[in-house]
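First the structure, in the form of C-alpha coordinates, and then the observations on it.
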There are 2 protein chains.
Amino acid sequence: MVSINPNSKVDEDLVKEKEAAFAEFIQRRGLKTTRQRNTIVSTFFRMKGHISVEELLVEVKKANPRIGYATVYRTLHLLVESGLVEERRFGDGLARYEGHSAVEHHDHMICLECGMISEFYNPRLEALQEKLAEENNFEIYRHRLELYGACKDKEACQARKKQKEARAQGA
Amino acid sequence: MVSINPNSKVDEDLVKEKEAAFAEFIQRRGLKTTRQRNTIVSTFFRMKGHISVEELLVEVKKANPRIGYATVYRTLHLLVESGLVEERRFGDGLARYEGHSAVEHHDHMICLECGMISEFYNPRLEALQEKLAEENNFEIYRHRLELYGACKDKEACQARKKQKEARAQGA
DNA sequence: TGGAATACGAAAACTGTTTTCATTACCGAA
DNA sequence: TTCGGTAATGAAAACAGTTTTCGTATTCCA
Ligand SMILES: [Mn+2]
Ligand SMILES: [Mn+2]
Ligand SMILES: [Zn+2]
Ligand SMILES: [Zn+2]
(Lines give C-alpha, C1' and ligand atoms only; values in the text may rest on other atoms or scores of the structure.)
(Ligands and ions follow the chains in the order given, each with its own letter.)
Protein backbone atom coordinates (compact mmCIF):
# COMPACT_ATOMS: atom_id res chain seq x y z
CA MET A 1 0.00 0.00 0.00
CA VAL A 2 1.15 3.45 -0.77
CA SER A 3 -0.23 6.03 1.55
CA ILE A 4 -0.38 9.38 -0.10
CA ASN A 5 1.58 12.28 1.28
CA PRO A 6 -1.01 13.67 3.65
CA ASN A 7 0.65 16.91 4.69
CA SER A 8 2.28 18.13 1.56
CA LYS A 9 2.87 21.85 1.37
CA VAL A 10 1.28 23.45 -1.58
CA ASP A 11 4.17 23.70 -3.98
CA GLU A 12 4.27 27.11 -5.61
CA ASP A 13 5.93 25.85 -8.77
CA LEU A 14 3.38 23.11 -9.14
CA VAL A 15 0.59 25.61 -8.72
CA LYS A 16 2.06 27.77 -11.46
CA GLU A 17 2.28 24.72 -13.67
CA LYS A 18 -1.38 23.93 -13.15
CA GLU A 19 -2.39 27.50 -13.75
CA ALA A 20 -0.47 27.44 -17.01
CA ALA A 21 -2.06 24.15 -18.00
CA PHE A 22 -5.48 25.61 -17.34
CA ALA A 23 -4.67 28.73 -19.34
CA GLU A 24 -3.65 26.53 -22.20
CA PHE A 25 -6.88 24.57 -21.94
CA ILE A 26 -8.83 27.81 -22.08
CA GLN A 27 -6.96 28.82 -25.23
CA ARG A 28 -7.39 25.46 -26.86
CA ARG A 29 -11.12 25.66 -26.33
CA GLY A 30 -11.36 29.17 -27.65
CA LEU A 31 -12.59 30.50 -24.32
CA LYS A 32 -11.65 33.77 -22.77
CA THR A 33 -9.21 34.52 -20.01
CA THR A 34 -10.94 36.43 -17.24
CA ARG A 35 -10.04 37.96 -13.90
CA GLN A 36 -12.63 35.83 -12.12
CA ARG A 37 -11.47 32.55 -13.57
CA ASN A 38 -7.89 33.38 -12.72
CA THR A 39 -8.82 34.20 -9.16
CA ILE A 40 -10.87 31.05 -8.73
CA VAL A 41 -8.31 28.75 -10.30
CA SER A 42 -5.35 30.09 -8.42
CA THR A 43 -7.29 30.07 -5.15
CA PHE A 44 -8.34 26.50 -5.76
CA PHE A 45 -4.86 25.20 -6.48
CA ARG A 46 -3.53 26.80 -3.33
CA MET A 47 -6.01 24.99 -1.11
CA LYS A 48 -5.56 21.40 -0.12
CA GLY A 49 -7.87 18.58 0.66
CA HIS A 50 -11.21 17.72 -0.82
CA ILE A 51 -12.78 21.09 -1.32
CA SER A 52 -16.49 21.85 -1.47
CA VAL A 53 -17.92 24.67 -3.55
CA GLU A 54 -18.85 26.54 -0.40
CA GLU A 55 -15.33 26.25 1.00
CA LEU A 56 -13.84 27.47 -2.23
CA LEU A 57 -16.25 30.37 -2.52
CA VAL A 58 -15.33 31.59 0.95
CA GLU A 59 -11.68 31.78 -0.03
CA VAL A 60 -12.39 33.26 -3.42
CA LYS A 61 -14.45 36.03 -1.88
CA LYS A 62 -11.45 37.09 0.16
CA ALA A 63 -9.72 37.98 -3.07
CA ASN A 64 -12.79 39.29 -4.85
CA PRO A 65 -16.05 39.50 -2.92
CA ARG A 66 -18.09 40.14 -6.04
CA ILE A 67 -17.52 36.67 -7.43
CA GLY A 68 -20.62 34.54 -6.96
CA TYR A 69 -21.67 30.90 -6.87
CA ALA A 70 -22.42 30.64 -10.55
CA THR A 71 -18.93 31.50 -11.66
CA VAL A 72 -17.36 29.18 -9.13
CA TYR A 73 -19.54 26.33 -10.30
CA ARG A 74 -18.81 27.10 -13.91
CA THR A 75 -15.09 27.32 -13.36
CA LEU A 76 -15.00 24.07 -11.44
CA HIS A 77 -16.71 22.37 -14.36
CA LEU A 78 -14.03 23.71 -16.65
CA LEU A 79 -11.32 22.50 -14.31
CA VAL A 80 -12.85 19.05 -14.37
CA GLU A 81 -13.14 19.08 -18.15
CA SER A 82 -9.53 20.14 -18.40
CA GLY A 83 -8.55 17.02 -16.51
CA LEU A 84 -6.72 19.01 -13.85
CA VAL A 85 -9.36 18.43 -11.19
CA GLU A 86 -11.54 15.56 -10.15
CA GLU A 87 -14.98 15.64 -8.64
CA ARG A 88 -15.67 13.40 -5.65
CA ARG A 89 -18.79 12.56 -3.75
CA PHE A 90 -18.43 10.94 -0.38
CA GLY A 91 -22.09 10.57 0.40
CA ASP A 92 -22.72 13.74 2.39
CA GLY A 93 -24.60 15.20 -0.53
CA LEU A 94 -22.06 17.71 -1.72
CA ALA A 95 -19.55 17.62 -4.48
CA ARG A 96 -15.94 17.96 -3.51
CA TYR A 97 -13.03 18.75 -5.77
CA GLU A 98 -9.39 17.89 -5.63
CA GLY A 99 -6.52 18.76 -7.80
CA HIS A 100 -3.41 19.82 -5.94
CA SER A 101 -1.67 16.49 -5.50
CA ALA A 102 -3.95 14.66 -7.82
CA VAL A 103 -4.19 13.76 -11.48
CA GLU A 104 -2.69 10.47 -10.34
CA HIS A 105 -5.49 8.13 -9.44
CA HIS A 106 -6.08 7.16 -5.85
CA ASP A 107 -8.83 5.84 -3.60
CA HIS A 108 -10.13 7.00 -0.24
CA MET A 109 -10.76 5.99 3.34
CA ILE A 110 -13.33 8.16 5.08
CA CYS A 111 -13.68 8.21 8.85
CA LEU A 112 -17.35 8.58 9.69
CA GLU A 113 -16.51 9.68 13.21
CA CYS A 114 -14.15 12.57 12.56
CA GLY A 115 -14.53 13.24 8.86
CA MET A 116 -10.90 12.54 8.04
CA ILE A 117 -10.31 11.56 4.45
CA SER A 118 -7.12 9.73 3.62
CA GLU A 119 -5.85 8.60 0.31
CA PHE A 120 -4.21 5.42 -0.83
CA TYR A 121 -3.14 3.63 -3.92
CA ASN A 122 -2.49 -0.04 -4.33
CA PRO A 123 -1.39 -1.57 -7.63
CA ARG A 124 -2.58 -5.04 -6.74
CA LEU A 125 -6.05 -3.74 -6.05
CA GLU A 126 -6.05 -1.93 -9.37
CA ALA A 127 -4.83 -4.99 -11.21
CA LEU A 128 -7.41 -7.20 -9.59
CA GLN A 129 -10.17 -4.89 -10.71
CA GLU A 130 -8.89 -5.03 -14.26
CA LYS A 131 -8.86 -8.78 -14.09
CA LEU A 132 -12.43 -8.93 -12.83
CA ALA A 133 -13.59 -6.55 -15.53
CA GLU A 134 -11.81 -8.62 -18.15
CA GLU A 135 -13.56 -11.76 -16.97
CA ASN A 136 -16.88 -9.97 -17.25
CA ASN A 137 -16.32 -8.56 -20.71
CA PHE A 138 -16.27 -5.11 -19.25
CA GLU A 139 -13.98 -2.22 -20.10
CA ILE A 140 -13.25 0.11 -17.19
CA TYR A 141 -13.13 3.83 -17.89
CA ARG A 142 -12.69 4.72 -14.26
CA HIS A 143 -13.60 3.41 -10.88
CA ARG A 144 -14.32 4.53 -7.40
CA LEU A 145 -13.42 2.78 -4.21
CA GLU A 146 -14.28 4.23 -0.84
CA LEU A 147 -13.76 2.63 2.52
CA TYR A 148 -16.05 4.08 5.19
CA GLY A 149 -15.24 3.44 8.80
CA ALA A 150 -13.30 4.76 11.75
CA CYS A 151 -9.78 5.70 12.71
CA LYS A 152 -8.46 2.97 14.96
CA ASP A 153 -5.77 5.09 16.51
CA LYS A 154 -7.82 8.13 17.47
CA GLU A 155 -9.47 7.83 20.85
CA ALA A 156 -12.21 10.28 19.96
CA CYS A 157 -13.24 8.20 16.96
CA GLN A 158 -13.34 4.99 18.94
CA ALA A 159 -15.36 6.66 21.67
CA ARG A 160 -17.94 7.98 19.23
CA LYS A 161 -18.17 4.60 17.63
CA LYS A 162 -19.01 3.00 20.96
CA GLN A 163 -21.59 5.66 21.70
CA LYS A 164 -23.32 4.87 18.45
CA GLU A 165 -23.31 1.18 19.20
CA ALA A 166 -24.87 1.80 22.58
CA ARG A 167 -27.54 4.03 21.10
CA ALA A 168 -28.34 1.43 18.44
CA GLN A 169 -28.76 -1.16 21.17
CA GLY A 170 -31.34 0.95 22.92
CA ALA A 171 -33.36 1.62 19.78
CA MET B 1 -14.93 -13.72 -9.46
CA VAL B 2 -18.44 -14.62 -8.62
CA SER B 3 -20.92 -13.02 -10.93
CA ILE B 4 -24.22 -12.59 -9.27
CA ASN B 5 -27.24 -14.34 -10.67
CA PRO B 6 -28.46 -11.67 -13.02
CA ASN B 7 -31.81 -13.13 -13.99
CA SER B 8 -33.07 -14.66 -10.83
CA LYS B 9 -36.81 -15.00 -10.55
CA VAL B 10 -38.23 -13.26 -7.56
CA ASP B 11 -38.67 -16.08 -5.11
CA GLU B 12 -42.09 -15.93 -3.50
CA ASP B 13 -40.96 -17.61 -0.30
CA LEU B 14 -38.04 -15.26 0.04
CA VAL B 15 -40.35 -12.29 -0.42
CA LYS B 16 -42.61 -13.58 2.33
CA GLU B 17 -39.61 -13.97 4.55
CA LYS B 18 -38.54 -10.38 3.98
CA GLU B 19 -42.05 -9.11 4.55
CA ALA B 20 -42.14 -10.98 7.83
CA ALA B 21 -38.77 -9.60 8.83
CA PHE B 22 -39.98 -6.10 8.11
CA ALA B 23 -43.17 -6.65 10.09
CA GLU B 24 -41.06 -7.79 12.99
CA PHE B 25 -38.87 -4.70 12.69
CA ILE B 26 -41.97 -2.52 12.78
CA GLN B 27 -43.13 -4.26 15.95
CA ARG B 28 -39.77 -4.04 17.60
CA ARG B 29 -39.71 -0.32 16.99
CA GLY B 30 -43.22 0.20 18.31
CA LEU B 31 -44.41 1.46 14.93
CA LYS B 32 -47.75 0.72 13.36
CA THR B 33 -48.64 -1.70 10.63
CA THR B 34 -50.42 0.12 7.83
CA ARG B 35 -51.99 -0.72 4.50
CA GLN B 36 -49.66 1.66 2.70
CA ARG B 37 -46.48 0.29 4.21
CA ASN B 38 -47.56 -3.24 3.39
CA THR B 39 -48.27 -2.29 -0.19
CA ILE B 40 -44.98 -0.47 -0.63
CA VAL B 41 -42.89 -3.17 0.99
CA SER B 42 -44.42 -6.07 -0.84
CA THR B 43 -44.25 -4.19 -4.12
CA PHE B 44 -40.62 -3.37 -3.53
CA PHE B 45 -39.56 -6.92 -2.76
CA ARG B 46 -41.26 -8.17 -5.88
CA MET B 47 -39.26 -5.88 -8.12
CA LYS B 48 -35.72 -6.57 -9.11
CA GLY B 49 -32.74 -4.48 -9.92
CA HIS B 50 -31.64 -1.19 -8.49
CA ILE B 51 -34.89 0.62 -8.01
CA SER B 52 -35.39 4.36 -7.92
CA VAL B 53 -38.09 6.02 -5.87
CA GLU B 54 -39.88 7.03 -9.03
CA GLU B 55 -39.84 3.49 -10.39
CA LEU B 56 -41.16 2.13 -7.14
CA LEU B 57 -43.89 4.74 -6.90
CA VAL B 58 -45.15 3.85 -10.37
CA GLU B 59 -45.61 0.23 -9.33
CA VAL B 60 -47.05 1.10 -5.97
CA LYS B 61 -49.65 3.32 -7.56
CA LYS B 62 -50.92 0.37 -9.57
CA ALA B 63 -51.95 -1.25 -6.31
CA ASN B 64 -53.05 1.93 -4.61
CA PRO B 65 -53.02 5.17 -6.59
CA ARG B 66 -53.55 7.29 -3.51
CA ILE B 67 -50.12 6.53 -2.08
CA GLY B 68 -47.77 9.45 -2.56
CA TYR B 69 -44.08 10.24 -2.63
CA ALA B 70 -43.78 11.03 1.04
CA THR B 71 -44.91 7.63 2.18
CA VAL B 72 -42.68 5.86 -0.31
CA TYR B 73 -39.68 7.84 0.86
CA ARG B 74 -40.53 7.24 4.48
CA THR B 75 -41.00 3.53 3.98
CA LEU B 76 -37.74 3.20 2.08
CA HIS B 77 -35.95 4.81 4.99
CA LEU B 78 -37.49 2.26 7.30
CA LEU B 79 -36.45 -0.56 5.00
CA VAL B 80 -32.90 0.72 5.06
CA GLU B 81 -32.94 1.07 8.82
CA SER B 82 -34.24 -2.45 9.12
CA GLY B 83 -31.19 -3.67 7.26
CA LEU B 84 -33.29 -5.39 4.62
CA VAL B 85 -32.51 -2.86 1.93
CA GLU B 86 -29.49 -0.91 0.84
CA GLU B 87 -29.31 2.50 -0.70
CA ARG B 88 -27.03 2.99 -3.70
CA ARG B 89 -25.95 6.02 -5.63
CA PHE B 90 -24.35 5.52 -8.99
CA GLY B 91 -23.72 9.12 -9.80
CA ASP B 92 -26.82 9.95 -11.80
CA GLY B 93 -28.17 11.97 -8.91
CA LEU B 94 -30.85 9.64 -7.70
CA ALA B 95 -30.95 7.16 -4.91
CA ARG B 96 -31.54 3.56 -5.86
CA TYR B 97 -32.54 0.77 -3.56
CA GLU B 98 -31.95 -2.91 -3.67
CA GLY B 99 -33.05 -5.72 -1.47
CA HIS B 100 -34.25 -8.71 -3.40
CA SER B 101 -31.08 -10.74 -3.69
CA ALA B 102 -29.14 -8.55 -1.41
CA VAL B 103 -28.18 -8.31 2.23
CA GLU B 104 -25.08 -10.13 1.01
CA HIS B 105 -22.53 -7.57 0.05
CA HIS B 106 -21.54 -7.08 -3.55
CA ASP B 107 -20.02 -4.45 -5.81
CA HIS B 108 -21.07 -3.04 -9.16
CA MET B 109 -20.03 -2.50 -12.74
CA ILE B 110 -21.99 0.24 -14.49
CA CYS B 111 -22.01 0.61 -18.25
CA LEU B 112 -22.06 4.29 -19.10
CA GLU B 113 -23.23 3.53 -22.63
CA CYS B 114 -26.33 1.43 -21.97
CA GLY B 115 -26.96 1.86 -18.26
CA MET B 116 -26.53 -1.80 -17.45
CA ILE B 117 -25.63 -2.47 -13.84
CA SER B 118 -24.07 -5.82 -13.02
CA GLU B 119 -23.03 -7.18 -9.71
CA PHE B 120 -19.99 -9.07 -8.60
CA TYR B 121 -18.28 -10.30 -5.51
CA ASN B 122 -14.67 -11.27 -5.11
CA PRO B 123 -13.24 -12.48 -1.84
CA ARG B 124 -9.69 -11.58 -2.74
CA LEU B 125 -10.72 -8.02 -3.41
CA GLU B 126 -12.50 -7.88 -0.08
CA ALA B 127 -9.54 -9.36 1.75
CA LEU B 128 -7.13 -6.96 0.12
CA GLN B 129 -9.20 -4.01 1.27
CA GLU B 130 -9.16 -5.31 4.80
CA LYS B 131 -5.42 -5.66 4.64
CA LEU B 132 -4.98 -2.12 3.38
CA ALA B 133 -7.26 -0.77 6.10
CA GLU B 134 -5.32 -2.72 8.69
CA GLU B 135 -2.04 -1.23 7.50
CA ASN B 136 -3.57 2.23 7.82
CA ASN B 137 -5.01 1.77 11.27
CA PHE B 138 -8.46 2.00 9.84
CA GLU B 139 -11.53 -0.02 10.66
CA ILE B 140 -13.91 -0.56 7.76
CA TYR B 141 -17.64 -0.37 8.47
CA ARG B 142 -18.57 -0.72 4.84
CA HIS B 143 -17.20 0.09 1.46
CA ARG B 144 -18.25 0.91 -2.01
CA LEU B 145 -16.58 -0.12 -5.21
CA GLU B 146 -17.97 0.86 -8.56
CA LEU B 147 -16.43 0.22 -11.95
CA TYR B 148 -17.69 2.62 -14.61
CA GLY B 149 -17.14 1.75 -18.21
CA ALA B 150 -18.63 -0.06 -21.16
CA CYS B 151 -19.85 -3.49 -22.12
CA LYS B 152 -17.25 -5.03 -24.38
CA ASP B 153 -19.61 -7.53 -25.93
CA LYS B 154 -22.46 -5.22 -26.88
CA GLU B 155 -22.02 -3.61 -30.26
CA ALA B 156 -24.24 -0.68 -29.38
CA CYS B 157 -22.06 0.16 -26.36
CA GLN B 158 -18.85 0.00 -28.37
CA ALA B 159 -20.36 2.13 -31.10
CA ARG B 160 -21.43 4.82 -28.65
CA LYS B 161 -18.04 4.76 -27.06
CA LYS B 162 -16.38 5.46 -30.41
CA GLN B 163 -18.80 8.26 -31.13
CA LYS B 164 -17.86 9.92 -27.89
CA GLU B 165 -14.17 9.58 -28.64
CA ALA B 166 -14.65 11.17 -32.04
CA ARG B 167 -16.64 14.03 -30.55
CA ALA B 168 -13.97 14.60 -27.89
CA GLN B 169 -11.34 14.78 -30.62
CA GLY B 170 -13.23 17.55 -32.39
CA ALA B 171 -13.67 19.66 -29.25
C1' DT C 1 -64.39 0.99 21.72
C1' DG C 2 -62.32 5.54 23.01
C1' DG C 3 -58.59 8.07 22.32
C1' DA C 4 -53.59 8.94 22.40
C1' DA C 5 -50.00 7.88 19.42
C1' DT C 6 -48.81 7.21 14.64
C1' DA C 7 -49.12 7.56 9.89
C1' DC C 8 -50.90 9.59 5.71
C1' DG C 9 -50.99 12.78 1.60
C1' DA C 10 -50.69 17.21 -0.56
C1' DA C 11 -48.20 20.86 -0.67
C1' DA C 12 -44.54 23.70 0.90
C1' DA C 13 -39.81 23.89 2.14
C1' DC C 14 -35.07 22.70 1.54
C1' DT C 15 -30.43 21.78 -0.52
C1' DG C 16 -27.20 21.70 -3.85
C1' DT C 17 -26.75 22.81 -8.44
C1' DT C 18 -27.96 24.74 -13.02
C1' DT C 19 -30.01 28.08 -15.94
C1' DT C 20 -31.66 32.57 -17.35
C1' DC C 21 -31.05 37.09 -18.67
C1' DA C 22 -29.53 41.69 -18.61
C1' DT C 23 -25.01 43.69 -18.34
C1' DT C 24 -20.02 43.77 -18.71
C1' DA C 25 -15.52 42.15 -20.30
C1' DC C 26 -12.50 40.09 -23.62
C1' DC C 27 -9.81 40.15 -27.74
C1' DG C 28 -9.03 39.78 -32.79
C1' DA C 29 -9.78 42.56 -36.89
C1' DA C 30 -9.50 46.79 -38.79
C1' DT D 1 -6.13 51.85 -30.45
C1' DT D 2 -10.81 51.35 -31.09
C1' DC D 3 -14.73 48.59 -32.44
C1' DG D 4 -17.86 44.98 -32.29
C1' DG D 5 -19.15 40.34 -31.99
C1' DT D 6 -18.71 36.68 -28.87
C1' DA D 7 -18.20 34.98 -24.37
C1' DA D 8 -18.45 35.58 -19.34
C1' DT D 9 -20.43 37.46 -15.20
C1' DG D 10 -23.65 37.85 -11.20
C1' DA D 11 -28.14 38.03 -9.14
C1' DA D 12 -31.97 35.79 -9.11
C1' DA D 13 -35.04 32.31 -10.65
C1' DA D 14 -35.51 27.62 -11.82
C1' DC D 15 -34.67 22.85 -11.03
C1' DA D 16 -34.45 18.02 -9.15
C1' DG D 17 -34.49 15.09 -5.63
C1' DT D 18 -35.67 14.72 -1.10
C1' DT D 19 -37.56 16.12 3.46
C1' DT D 20 -40.76 18.47 6.36
C1' DT D 21 -45.12 20.45 7.69
C1' DC D 22 -49.66 20.26 8.93
C1' DG D 23 -54.40 19.04 8.99
C1' DT D 24 -56.82 14.66 8.64
C1' DA D 25 -57.26 9.71 8.98
C1' DT D 26 -55.82 5.28 10.90
C1' DT D 27 -53.99 2.06 14.15
C1' DC D 28 -54.21 -0.51 18.26
C1' DC D 29 -54.07 -1.01 23.27
C1' DA D 30 -56.17 -0.07 27.86
MN1 LIG E 1 -8.29 12.43 -2.87
MN1 LIG F 1 -26.60 -4.46 -6.44
ZN1 LIG G 1 -11.49 9.50 12.62
ZN1 LIG H 1 -23.43 -1.44 -21.96
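If you're wondering where the values come from, they're calculated on a predicted model, not measured in any experiment. Chain identifiers are assigned alphabetically (A, B, ...) following the order of the sequence lines, protein sequences preceding nucleic acid strands; residue numbering begins at 1 within each chain.
Where B/G30 and B/P65 meet DNA chain C, the nucleotide closest to each residue was compared, and B/G30 sits on the side nearer the 5' end. Along DNA chain D, the nucleotide nearest A/Q36 and the nucleotide nearest B/A95 are compared for position; the residue whose nucleotide lies closer to the 5' end is A/Q36. If A/I67 and B/L94 are placed on DNA chain D by their nearest nucleotide, the residue sitting closer to the 5' end is A/I67. With DNA chain C read from its 5' end, the first of the two nearest nucleotides for B/Y69 and B/L31 is the one closest to B/L31.
In this structure, the CG atom of A/L76 is 16 Å from the C1' atom of D/dT9, given to the nearest Å. Between A/R66 atom CZ and D/dA8 atom P there is a gap of 18 Å when expressed in whole angstrom units. The CD-P distance, from A/E87 to C/dG16, rounds to 14 Å in whole Å. Between the C1' atom of C/dT17 and the CD atom of A/E54 lies a distance of 13 Å, rounded to the nearest Å. Rounded to an integer number of Å, the gap from A/L57 CG to D/dT9 P is 14 Å. In this structure, the CD1 atom of A/I26 is 9 Å from the P atom of D/dT9, given to the nearest Å. If you take CZ of A/F22 and P of D/dA8, they are 10 Å apart, rounded to a whole angstrom.
Below the 3.5 angstrom threshold, one finds no donor paired with an acceptor across the side chain of B/R89 and the base of D/dG17. A donor-acceptor contact under 3.5 angstrom links the side-chain atoms of A/K32 to the base of D/dT6.
With no hydrogens or angles considered, no side-chain donor-acceptor pair links B/E146 and B/H108 at under 3.5 Å. Side chains of A/E86 and A/H106: a donor-acceptor N/O pair is absent below 3.5 angstrom, by distance only.
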Please lay out, stage by stage, how B/L94 and B/V53 fare under the test side chain to side chain contact (heavy atoms under 4.5 Å, CB included). CA-CA 8 Å; B/L94 40 148; B/V53 173; over 6 Å; no

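Taking side-chain N and O atoms only, A/T33 has a distance below 4.0 Å to OP1 or OP2 of C/dC27. Checking the phosphate oxygens (OP1, OP2) of C/dT18, no side-chain nitrogen or oxygen of A/Y73 falls inside 4.0 Å. Distances shown here put every side-chain N or O of A/T34 at or beyond 4.0 Å from the OP1 or OP2 atom of D/dA7. Phosphate contact (OP1/OP2 of D/dA8, side-chain N/O of A/T71, threshold under 4.0 Å): absent. Checking the phosphate oxygens (OP1, OP2) of D/dT19, a side-chain nitrogen or oxygen of B/H77 falls inside 4.0 Å.
Each of A/K164, A/K152, A/K161, A/K154 was compared with A/E113 under the salt bridge (charged side-chain N to carboxylate O under 4.0 Å, His left out) criterion, and only A/K164 meets it.
Placement of B/V80 and B/F44 within a single hydrophobic cluster is found when ILVMFWY residues are connected by side-chain heavy-atom separations under 4.5 Å, directly or transitively.
With distances taken from any side-chain atom of A/R37 to the nucleotides D/dT18, C/dC8, D/dA8, the minimum falls on D/dA8. Here the side chain of B/R74 is nearest to one of C/dT6, D/dA12, C/dA10, namely C/dA10.
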